[in-house]
2 protein chains.
Amino acid sequence: MTVFDPRDRVTLADVAAHAGVSVMTVSRVVNDRPGVGEGTRVRVQGAIAALGYRPNIVARGLKARRSRTIGLIVPDVTNPYFPEIVRGAEDVAIAHGFTLLLTNVIEDVEREVAALEAFEDRRVDGVIACSPRLVSERLEELLERHHAAVIVNRRSRPDIAGSVRIDHEQGMRQLIRHLVATGCRRLGVLAGPVHSFAARERMLGIDRETREHGLDLPDERIIVSAPTVDGGEIAARALIRRDPEVDALVCFNDLVAAGALSALAELGIAVPDEVAVVGYDDIPFARMFTPPLTTIRAATYDLGRHAMTMLLERMAGRGRGVDIVLQPELVVRASTRHRLAAPSGGVISL
Amino acid sequence: MTVFDPRDRVTLADVAAHAGVSVMTVSRVVNDRPGVGEGTRVRVQGAIAALGYRPNIVARGLKARRSRTIGLIVPDVTNPYFPEIVRGAEDVAIAHGFTLLLTNVIEDVEREVAALEAFEDRRVDGVIACSPRLVSERLEELLERHHAAVIVNRRSRPDIAGSVRIDHEQGMRQLIRHLVATGCRRLGVLAGPVHSFAARERMLGIDRETREHGLDLPDERIIVSAPTVDGGEIAARALIRRDPEVDALVCFNDLVAAGALSALAELGIAVPDEVAVVGYDDIPFARMFTPPLTTIRAATYDLGRHAMTMLLERMAGRGRGVDIVLQPELVVRASTRHRLAAPSGGVISL
DNA sequence: AAAGAGTTCGTTATCGTTACCAGGTGCCTC
DNA sequence: GAGGCACCTGGTAACGATAACGAACTCTTT
């Protein structure tokens, strides 16, 4: 009895020998190319089935200089915001016969560089980078070395990469407007990573909208938070300690808001009566929080779909320079006060 | 000015020409192998840096028949249970210079087969399958064609794949024991996918533990639910309609429990006073639910770490036939009644 | 000074596939 | 019946990297 060793895979040559033809003929049959007689085609197909031949994509990739693989960089799949993007991108990729090389970079710039270089070494056909933290100059330098690239949630030079993003400034403006309309005046901000483009855009929205409402937002009421539940918990405690009078916490994303909710609960501060809380992203669990979270919803799955579709187009050499901007939507839940219940201008006492 | 075309990558030959040596010498320098004089080594390194050479992993893989890539199959990254496993596996993989090929199979057997075949075509060095739905026979047939494999959350023939799993029977028994101790008697079950090994093991635990307590669990109080929030919501409504007298819902996982909590809230049924709810997995958000969810926690990140470590060992030819079983832990939160507050034997009236 | 040992470096063949070109067969046309 | 034109089919050379072997060179040793 012979043991099956996966290292000794069936090759074109094996099939050719079995069918009594040349490797080229088999190659033509495998790739459904013309130039093979009906009789031999059937015979070769029989041999392929009999030996269980499967083409070696590595060898094919070496020859063709294409790997039918796409690299996808994500800050952290553990953040429920990103899996939706992954799903959207993957569904499109698989439908076109591509496979995904996924890398989490854990909000770490070094790992981002390493991931882009690893993709380069593997000769991926294209790259999608989600919410990259790298400075533009370095990022562009690395993306330029790829055949095609798309950046999610950040603007980019159209000759280097396409971009698909959400209008975070408008999203934040909607949240601030809602908070103001429900009577909040003394806002606290749990901001995101400084190097994050999305964080800067959101901060811009906060800044402009508060200014337009004539609200004061001093630096001591802005705290940088890690974009995680734990980060939000720590940041919220710090902010409350600095200024116990805040009546709303504007959080970088829903995870940070989740942490803030935990912290407020433990501090015995009522949400939204004493302090309102808003998140960003509308992750699937935002509606399950205690209380359910007011937040901004973007079509995340579509973000992934668009990104992959655009990448495939750019890989095919078409549609250079596209920049898709999706508009987000305000989702009001119980973590902010009801519009009518809030007499403007002050904190409601219990 | 010449435009940089990523298709014309720098090769060993280019470096060799630039340094005035043969390709073999360059290859030796790149791979840090002996047999190169100090002077030439420095000169070659200079050429590598000057041209920005990066080895072509595809070509290397063809020759070496190893791709330094590992295929990872996950039912759905959208379920927060799995990203933790991915992270655990990825951290170990990256530390060893491997890259992950990730595929979501969306609880679909066909996509599972397709993914395993795609991995085969790409000549991955090993495969990790999380909670596979395929029947054992077919799964083993496909895994056998890979150099090395590890199955997560399911037992397997040790010669074909290693396994790392959680003792789901014990986990479920703990939950049932807790429910019984807090006075629940008329349990309803929102069971998971029929083809899921984990679902069967959990069902076994429910079955045995209820039997040992002399409880009755008729078929009409068991409903199969899709392992998602929406699935849980639908299933919970259906179960309550069938039997409005249930005093506890045992859910396949935390997502299903989240759906059940939503349904109960909308039906105006108090949790845990009228109906207690338990989940399974302790996803990061379980503590944020309304009310926070009593569930079973397993070291998910470790599950991924162990799986990858075991896979690397099997790839190296060591440690065949390992089967790691992790014991889960009961996490009591507010979705179940307090032990003391529950007079045994009946439903508490409001 | 010659032989031996050790080092440095290059040549060749190969991994599995496909592009390109050349050879062969049958059939139609004038 | 010879030339021409389709159509099949096969040989060869790449794609980029490396293992194995062997040549050339340096240095030591007797």
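Quick note on labels: first sequence line is chain A, next is B, and so on, each numbered from 1.
In this structure, A:Arg54 atom CZ and C:dT17 atom C1' are separated by 16 Å, rounded to whole Å. With rounding to whole Å, A:Arg33 atom CZ is found 11 Å from C:dT17 atom C1'. Spacing between atom CZ of A:Arg122 and atom C1' of D:dA17 amounts to 15 Å, rounded to whole angstrom units. The CZ atom of A:Arg43 sits 8 Å away from the P atom of D:dT9 (whole-angstrom rounding). With rounding to whole Å, B:Arg123 atom CZ is found 18 Å from D:dA17 atom C1'. Computed from coordinates, the A:Lys63 NZ to D:dA13 P distance equals 13 Å when rounded to whole Å. If you measure from atom CZ of A:Arg9 to atom C1' of C:dC15, you get 14 Å, rounded to the nearest angstrom. Taking atom CG of A:Leu12 as the reference point, atom P of D:dA14 lies 20 Å away to the nearest angstrom.
No donor-acceptor contact under 3.5 angstrom links the side chains of B:Ser136 and B:Arg155, judged on distance only. Side-chain N/O atoms of A:Tyr81 and A:Asp76 include no donor and acceptor closer than 3.5 Å. A donor-acceptor contact under 3.5 angstrom links the side chains of A:Thr69 and B:Arg122, judged on distance only.
Phosphate contact (OP1/OP2 of D:dT18, side-chain N/O of B:Ser27, threshold under 4.0 Å): present. Residue B:Ser22 places no side-chain N or O under 4.0 Å from the OP1 or OP2 atom of C:dT11. In this structure, A:Arg65 reaches the D:dG16 phosphate: one of its side-chain N or O atoms is under 4.0 Å from OP1 or OP2. Using a 4.0 Å cut-off, no side-chain N or O of A:Asn56 falls inside it from OP1 or OP2 of C:dC15.
Here the side chain of B:Val21 is nearest to one of C:dG16, C:dG10, D:dA17, namely C:dG10. For B:Tyr53, taking side-chain heavy atoms from C-beta onward, the closest of the listed nucleotides D:dA17, C:dC9, D:dT12 is D:dA17.
Backbone-only engagement by A:Pro55 is indicated by non-hydrogen atom pairs under 4.0 Å involving sugar-phosphate atoms exclusively.
Salt bridge A:Arg87/A:Glu90: absent, no basic N to carboxylate O contact under 4.0 Å.
When the nearest nucleotides of DNA chain D are assigned to A:Gly37 and B:Val58 by heavy-atom distance, the more 5′-ward of the two goes with A:Gly37. In this structure, B:Thr25 and B:Ala59 both approach DNA chain C, and ranking their closest nucleotides by distance from the 5' end singles out B:Thr25.
Here the straight-line distance linking atom CD of A:Glu140 with atom CG of A:Asp159 works out to 7.5 Å at 0.5 Å rounding.
You'll find a donor-acceptor pair under 3.5 Å spanning the side chain of B:Arg28 and the base of C:dG10, going by distance alone.
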